[in-house]
Amino acid sequence: STGTSDESGPVLFAYDGSDLAGHAISEAGRQLRPGRAALVVTIWEPFNVGFLPTGGVAFDAAGADEVKAAAEETAAHGASLAAAAGFRAETMTAEGAPTWQGIIDAANARGASLIVLGSHGRSGVTGLVLGSVAGAVAAHAQRSVLIVHRRH
């Protein structure tokens with residue numbers, strides 16, 4: 001693999017545990033050739049708790065470990081959905097801020113051929129301006145992006 005955006009790279013699913021993200025996986029299973037490699041990625045944002053510690057004091061490492069473990073559980077659940085949808089799935093978790101940048105970094109690191117995300121799609125094109133994760137990934141990624149909308 002040369003890392004270029006060809007079909008040999010895995011399909012990257014950005015999975016946050018939501019029903020919408022699960023729907024995106026199953027919809028991609030209907031749209032894409034079966035048996036493709038997939039990477040289910042769960043990103044967590046550091047210090048996404050509404051405050052930063054004073055004086056540069058780090059949070060308790062056990063807390064960070066708990067967040068990472070929860071992210072790994074979420075990714076594993078996404079991988080089971082991807083396997084059910086016909087993909088050969090593996091998982092990856094990473095810290096990233098903002099989340100869309102973490103998704104793009106993971107896609108670049110693993111040579112993903114396609115990034116798949118769910119979008120609520122309520123805000124239409126203005127969602128890109130308002131900075132939804134799906135919109136930001138679509139705007140900044142140097143590879144193809146499939147945005148799956150909720151069925152109405």
| field | Pair Arg150 + Glu27: basic N to acidic O under 4.0 Å | value | no

| Considering all heavy atoms, the nearest Ala89-Ala83 contact | CB-N, 4.4 Å

| field | Flag side-chain contact, heavy atom, 4.5 Å: Val41 against Phe13 | value | no

| field | Worked verdict on Lys68 versus Glu73 for salt bridge (charged side-chain N to carboxylate O under 4.0 Å, His left out) | value | CA-CA 9 Å; Lys68 187 173 193 299; Glu73 283 180 29; over 6 Å; no

| note | Closest heavy-atom pair, Ala106 versus Met92, reported as atoms and distance to 0.1 Å, is CB-CE, 3.7 Å

| request: Would you confirm whether Arg88, through its side chain, and Gly35, through its main-chain N or O, come within 3.5 Å as a donor-acceptor pair? | output: yes

| remark: On a heavy-atom basis, the closest approach of Val11 and Ser113 is N-OG, 4.4 Å

| request: Kindly compute the distance separating CZ (Arg110) from CG (Asp105), expressed to the nearest 0.5 Å. | output: 13.5 Å

| said: Under a 3.5 Å distance rule, please check whether Ser119 uses its side chain to pair with a backbone N or O of Ala134 as donor and acceptor. | reply: no

| request: Identify whether Leu20 and Ile147 are in the same connected component of the hydrophobic contact network (ILVMFWY, side-chain heavy atoms under 4.5 Å). | output: no

| task | Check Glu45 against Ala97 and note the closest heavy-atom contact, atom names and distance. | result | OE1-CB, 4.3 Å

| Are Arg143 and Asn108 close enough that some pair of their side-chain heavy atoms sits under 4.5 Å apart? | yes

| Quick one: are Ile43 and Trp100 in side-chain contact, heavy atoms under 4.5 Å? | no

| message | Side chains of Leu117 and Val148, heavy atoms from C-beta outward: is any pair under 4.5 Å? | response | no

| request: Quick one: which residue pairs count as a salt bridge (Lys or Arg N to Asp or Glu O under 4.0 Å) with a foot in residues 10-19, not counting sequence neighbours? | output: none

| message | With a 4.5 Å cut-off on side-chain heavy atoms, are Leu114 and Leu12 touching? | response | no

| At their closest point, which heavy atom of Leu146 faces which heavy atom of Ala28, and how far apart are they? | CD2-CB, 4.3 Å

| task | Check side-chain hydrogen bond (donor to acceptor under 3.5 Å, both in side chains) between Thr74 and all other residues, then give those that pass, not counting sequence neighbours. | result | none

| query | Any idea which heavy atoms bring Ala75 and Thr91 closest together, and the distance? | reply | O-CG2, 3.4 Å

| task | Look at the aromatic rings of His77 and Tyr15 and report parallel, tilted or perpendicular, splitting at 30° and 60°. | result | tilted

